[in-house]
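Just so it is clear, the model here is predicted, and its values are computed rather than measured. When reading the values below, keep in mind they use all heavy atoms of this one structure, side chains included, and skip hydrogens, waters and symmetry mates.
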Amino acid sequence: MTSPGTRADTEAEDLDVEEALALVNENPGPAPRGRAGHGTPAPHRPADTRHRATPWPEARATAERAARAAARAARRTPVPVPLDAALGLTLAAPLTALTDLPSFDTSAMDGWALAGPGPWALRDEGVLAGHAEPAPLTDGEAVRIATGARIPPDTTAVLRTEHGRTDERGRLHPTREVVHGQDIRPRGQECRSGDQLLPVGTLATPAVLGLAAAAGYDTLTAVPRPRVDVLVLGDELLTQGLPHDGLIRDALGPMLPPWLRALGAEVRAVRRIGDDAKALHRAVTSSDADLIVTTGGTAAGPVDHVHPTLRRIGAELLVDGVRARPGHPMLLARLKDDQHLVGLPGNPLAAVSGLLTLAEPLLRTLAARPAPEPYTLPLRDAVHGHPHDTRLVPVLLREEGAVPLRYNGPAMLRGIAAADALAVVPPGGARPGQEAELLDLPWATGGIGVCFT
């Protein structure tokens, strides 16, 4: 969300996606700092140039820069999105009130609308929400009224049900002092028509959708979701049943699409290519997605066809290997000015590492979402480190800090399935109590990223 006083507060016209993206980048506003907002800012880690692979922080920054360049090249137009499909999108136009809120004087409580001092004679018919304007009250008259109902003309106050009693003649008496105007929500109390409610760059949370509906909107002008095609590679993968005869179940096909949706993407297709270089070339060159995500085939084995395919089509390798464990052979390539490919390793946890290292910052930037503020928590236990590379380790978030989980090998999902976050462990490892940067998982934080449909 942009901050008060920015360009978004003064411009009422729609912005294109690049402009909306620039506003979010320049004015990121508050962002979550972990599940409960705890922790301290993450320290900067200098790059180590002893290895050819890209250092982990630099790889993430490269993905963000690539997305900004793609947004400039694509000049994607903001789109009108129905409210029920706008969760998690970024506003590309200010949310301006289309009416006064409330649009008429309403009762804030169930009770009686009163005119003048009591006791009051009761009108026979009550006033309900959703009905036409009731007849005016005369001095000394009261009428039953429901919360949200229109206030009759000449009403001076609303008396709550629990604060009134009737006598034997059916007259209404207050049981406590009545203050003029009490429990009446006057027209325009929350906003007047034309008021700016939210600026460009605001993330469409459930509360934002509710405010938009209350303000009279049926659609929101938003940055469109980045379009993603997923290509699952490997002849050894089964789509059902138990592993057998050297074949294994495909874990990434079921896992990646909902995870990508949680990162704000529109997953258009999931295709299983196998170890077929020609099929991979056709799938890559025929896709018009903003991002192509491949699984497996990023190393230099006899059936690892991603690098040869990228060379064949003249792609630019922006990241070719990252100093991260697991996930070292991940890659990022620019296929066109407005199209990229993220190559994930085939091992499941290594693929998660690549997803959060390269795909997350790229998709977040394309969607004009604000970057989460880095934060750290102390590690409860020591974590073994790689001599030169960053390690991403599944952890639970507890009162005592981040608790490292077992089963954190490249091919294992048991740890990440139980985790709240991934701890960023620097080269050399971490001792008990040492602060570690954390990467939250969207479903564990309950954040707006949980858009699985």
(request) Please determine if Arg225 and Glu266 form a salt bridge, counting it only when a charged side-chain N lies under 4.0 Å from a carboxylate O. (result) no
(request) Decide yes or no for Leu422 and Leu438: does some side-chain heavy atom of the first lie under 4.5 Å from some side-chain heavy atom of the second? (result) no
(message) I'd like to know whether CZ of Arg312 has more than 12 heavy-atom contacts from other residues, nucleotides or ligands below 6.0 angstrom.
(response) no
(request) May I ask you to decide whether Glu64 forms a salt bridge with Arg60, counting only side-chain N to carboxylate O separations under 4.0 Å? (result) no
(request) For a side chain to side chain contact (heavy atoms under 4.5 Å, CB included) with Leu341, tell me which candidate from Leu231, Val284, Leu291 qualifies. (result) Val284
(request) Evaluate the side-chain proximity of Glu190 to Leu211: yes if any heavy-atom separation is below 4.5 Å, no if none is. (result) yes
(message) Assess whether a salt bridge exists between Asp105 and Arg187, defined as any Lys/Arg side-chain N lying under 4.0 Å from an Asp/Glu carboxylate O.
(response) no
(message) Can you confirm whether Asp337 is buried at CG, in the sense that more than 12 heavy atoms of other residues, nucleotides or ligands lie under 6.0 Å from that atom?
(response) no
(message) Checking side-chain polar atoms at under 3.5 Å, does Ser193 have a donor or acceptor matched by the opposite partner on Asp100?
(response) no
(message) Can you confirm whether the side chains of Thr62 and Arg65 place a donor and an acceptor under 3.5 Å from each other?
(response) yes
(message) Tell me whether Arg334 at atom CZ has more than 12 heavy atoms from other residues, nucleotides or ligands lying less than 6.0 Å away.
(response) yes
(request) Give the intermediate values and the outcome of side-chain contact (heavy atoms from CB on, under 4.5 Å) for residues Leu252 and Leu344. (result) CA-CA 10 Å; Leu252 297 181; Leu344 303 178; 5.7 Å; no
